[in-house]
Amino acid sequence: TVLANEQVIDGRGWRSNALVEKRELAQWFLKITDYSEELLEALDTLDRWPEKVRLMQRNWIGRSEGLRFSFALEDEKGAALDERLTVYTTRHDTIFGASFCAVSADHDLARKYAETDPGLAQFRREVAALGTSEETIERAEKQGYLLPVYARHPFRDGVRLPVYAANFVLSGYGEGALFGCPAHDQRDIEFARKYGLPVIPVVAPKDADAAIFAIGDEPFLEKEGDQAVLINSDFLNGMTVPQAKEDVARRMEAMGIGERRVNFRLRDWGVSRQRYWGCPIPAIHCGKCGIVPVPKQDLPVILPEDVTFDKPGNPLEHHPTWKHVACPRCGRAARRETDTFDTFVDSSWYFARFCSPHSDVPVTEDAAKYWMPVDQYIGGVEHAILHLLYSRFYSRAMKRTGHFAVDEPFASLFTQGMVIHETYRTEAGEWIFPADAELRDGRWFHARTGEVLTIGGVEKMSKSKRNVIDPEAILERYGADTARWFMLSDTPPERDIEWTESGVEGAWRFTQRLWRLVHDALEHGEAGGPLPATGEALTLRRAAHKALHAVTGDLNGLRFNRSIARIYELANALTSALQSDDRAPPMRRALREAAEIMVLMFAPMMPHLAEECWQVLGHVTPVVETPWPVADPALIADDEVTIAVQVNGKRRDEVRLAKGMEKAEVEAIVLRLDSVRRALDGRLPKKVIVVPDRIVNIVG
RNA sequence: GCGGGCGUGGCGGAACGGUAGACGCAACGGACUUAAAAUCCGUUUUCCGUAAGGAAGUGAGGGUUCAAGUCCCUCCGCCCGCACCA
């Protein structure tokens, strides 16, 4: 099948891992490039998206400002030709350093001369056969094939540049043709050195001597602060790079051979897939009428169910009858399009449908207006330039056709990490499932064959390396709550988490502990009774409300690992309180209250256990229907605080003082401390900095 | 090559510029047990010291500050994205 270039990762299909090769085919595209500028500019409005993702999209769209201009051409004998060669450049300031032109192997000029030159035809085939992976491209040497034409320099009479077909020129970018200035471009200098082309420096640091400034095997690339100026460039000499660009652009525009142009790296989105599982592209090919859209009343086009997968290729193509239809326009026998849409087409607007799932029409604008944009979107960073770019485009396109209400579908984006796991392999190099690996005396063995295993890296779970965990087995043994708790507990959600057996065990033990704690709190606690005013009971009550305050903030900020740490702290506080001798009514009430707060707090992360515990505690209304509790502000603030005491920036002591104590008073108390006097060693304090309720630093 | 991110105990990781190492895992010691598991209690950055206490410490080096894991500069290492984009 065919893929969009976003879906090619390291020269392989993003999903199938199959090697990708280039071929020329007729395919369907969605014109995402019409939105290049908009998609780029609007990135600045997405202030609740990770900077990383916005940057990736910015780079992928790849805007560049340059100049498109054309060279007059002549043949080998110097006779003028009718056609011109159009190139795109962002470095028109270096035009006097030009020493060659190059076109892609697919360029019209290369095609034309290949018809009569078998060597060129062969060269074009070789370039086409080159793989698309980065390794291949990097290893491939720059190669050119000299064409029998020359480009006339626009500003220098009599100067002509050789024109090559070259393997490094991309047909899909700019004009598929360029002029090379070896002195100021890495790629161009490699090419020039290989083919013995002139290297003329035309930009030099301000203080360099133009007469002797020379280029070796590295081009001179202007850095910030160089204040570089033009040399060897006729009327441009002495200008800065921006000045020279402006001047050249203006002259070429005046000459009618060039125009300023913004170019994008983004290509149109190839959506044709030669597969059965997808929405059929609703088009009909008629010999007389050409391409005819399927009429609205015939939509959607339904896939046939009697297909076979016994042959390679698209089953729709092989189906005996499905593709044969009458042309909706002229009624003659016609052929139905058998390509289906890329799955990303569907995922580009499902959220719009979700706003009105029972509607007869795909999307209702009122519902979309009410719900959109999505407040919080969560997904893996692997979608940074696939799903997340396509959806942004699709929303805009649907808005234009009156189907949707917003430009940006996702107001806030959070990119979560992946689950990773250790890898194990036998001496023969065979990957082994973690379930089959066994740790004995610090070494890993195959559980069934007893073979010694080597531990490989901790990697993204993948079928090929077999470092996967069967979710069914986890659910069977520990339950879904334990699995959730473990995944949320150890690692911040934006990072990859390593799945470890001991970590899961730990989570599972904690679920048991919570269950016991709730029962103990029920036994020793009480729902009513007087509020605790002093002692351990008040301490526990404070701990519960502080935990609640912290967890509320952490959950809102998606800091699940920290919420869980707070819940552990409260569980520890509850455990110690249960061991206290205090069983007076205020303590009984505090125990019960702490247990209830604890259950409500872990409910979002372990819903099943929470419902069970909630019922144990005597509640009829389920947790899901219970509002999130609110911490009592009076209990969050302490009336005593621990203040660290530093001498010359080193911690020497700490003191418990009343909250909000006057600076002068704090200073007096602290200066009397033995530890402080010892550290000062007879010196007088020069300065005392008191940060209220936090820290004191004495400079001596 | 360009762009971005990150370097903190044995491990995962906490720390509005203000007591580095919360919480968990692992390890070790103890209680309970005929024993083990489970559970409970404790220890656990490193070095010196029986202890009290002291010294060093967030990849390396410098700087700003009363105070730096956090801010600034230089370097080293790792990870991610893009990659012949003219």
Side-chain angles (χ1 to χ4, degrees), chain A residues 9-10 50-60 62-64 66-67 87-92 94 101-102 104 134 137-138 140-142 166-170 172-181 184-188 190-191 221 263-267 381-382 384-385 485-486 489-492 494-498 500-507 509-510 512-513 516 550 559 561-572 575-576 578-579 642-654 675 678-679 685-700:
Chain A
I9 313 291
D10 294 344
E51 185 53 36
K52 181 192 167 86
V53 173
R54 291 194 285 168
L55 230 133
M56 282 166 74
Q57 292 210 357
R58 200 166 287 138
N59 292 338
W60 191 260
R63 184 181 195 275
S64 83
L67 185 74
V87 298
Y88 175 73
T89 181
T90 56
R91 290 303 305 273
H92 28 296
T94 65
C101 285
S104 79
E134 67 185 66
I137 289 168
E138 200 153 319
E141 210 179 321
K142 309 240 169 325
N167 62 350
F168 64 86
V169 183
L170 302 168
Y173 186 79
E175 302 298 316
L178 53 88
F179 79 81
C181 176
H184 307 289
D185 186 284
Q186 180 63 45
R187 184 197 52 209
D188 292 347
E190 284 174 38
F191 191 78
L221 305 170
N263 239 326
F264 294 93
R265 217 191 66 122
L266 184 68
R267 322 264 182 93
V381 74
E382 71 273 16
I385 44 182
W485 188 258
F486 166 67
S489 67
D490 262 5
T491 307
E494 67 274 16
R495 273 191 234 178
D496 288 349
I497 97 154
E498 187 185 348
T500 59
E501 193 65 22
S502 58
V504 184
E505 283 282 349
R509 279 202 302 269
F510 190 62
Q512 310 299 308
R513 187 171 160 214
R516 285 194 306 270
R559 296 178 293 267
N561 56 323
R562 275 184 16 191
S563 323
I564 285 178
R566 300 291 189 181
I567 293 169
Y568 270 105
E569 279 172 340
L570 180 56
N572 291 343
T575 304
S576 354
L578 280 164
Q579 278 156 4
T642 305
I643 295 179
V645 182
Q646 294 184 333
V647 177
N648 291 327
K650 275 186 194 291
R651 197 189 78 98
R652 292 298 170 180
D653 209 339
E654 59 181 42
S675 51
R678 210 183 315 132
K686 285 193 202 120
K687 196 174 171 188
V688 180
I689 291 120
V690 180
V691 181
D693 298 336
R694 273 194 171 273
I695 200 164
V696 180
N697 192 11
I698 300 152
V699 188

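Naming convention: chains lettered A, B, ... in sequence-line order (proteins, then strands); numbering from 1 in each chain.
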Considering only the C1' atoms, how many Å lie between G59(B) and C78(B), rounded to the nearest integer? 10 Å
Quote, to the nearest angstrom, the P distance that separates U64(B) from C16(B). 25 Å
Measure all distances between protein nitrogen or oxygen atoms and nitrogen or oxygen atoms of nucleotides 40-47 of chain B, and list the pairs falling under 3.5 Å.
unit_1, atom_1, unit_2, atom_2, d
C40(B), O3', Q579(A), NE2, 3.3

Under a 3.5 Å distance rule, please check whether D188(A) uses its side chain to pair with a backbone N or O of C181(A) as donor and acceptor. yes
Across the strands shown, which category fits V169(A) at heavy-atom distances under 4.0 angstrom: base, sugar-phosphate, nothing? base
From CG of L178(A) over to P of C85(B), roughly how many Å is that when rounded to an integer? 10 Å
Under a 3.5 Å cut-off for both contacts, is A27(B) paired Watson-Crick or G-U wobble with anything, and if yes, with which nucleotide? U43(B)
Judged by whether its glycosidic angle lies within 90° of 0, G59(B) is anti
Closest to side chain of N572(A), choosing from U39(B), G24(B), C84(B): G24(B)
Please list, for nucleotides 2-11 of chain B, all pairs of protein and nucleotide N/O atoms separated by less than 3.5 Å.
none

Could you encode protein contacts along nucleotides 52-65 of chain B as a string, one character per nucleotide from 5' to 3', using B for base contact, S for sugar-phosphate-only contact and - for no contact, with a heavy-atom cut-off of under 4.0 Å? -SSSS---------
For the residue pair W485(A) and Y568(A), categorise the inter-ring angle as parallel (less than 30°), tilted (30 to 60°) or perpendicular (more than 60°). tilted
Value in whole Å for how far the P atom of G1(B) lies from CG of L221(A): 12 Å
How close or far is atom P of U39(B) from atom CZ of F510(A), stated in whole angstroms? 12 Å
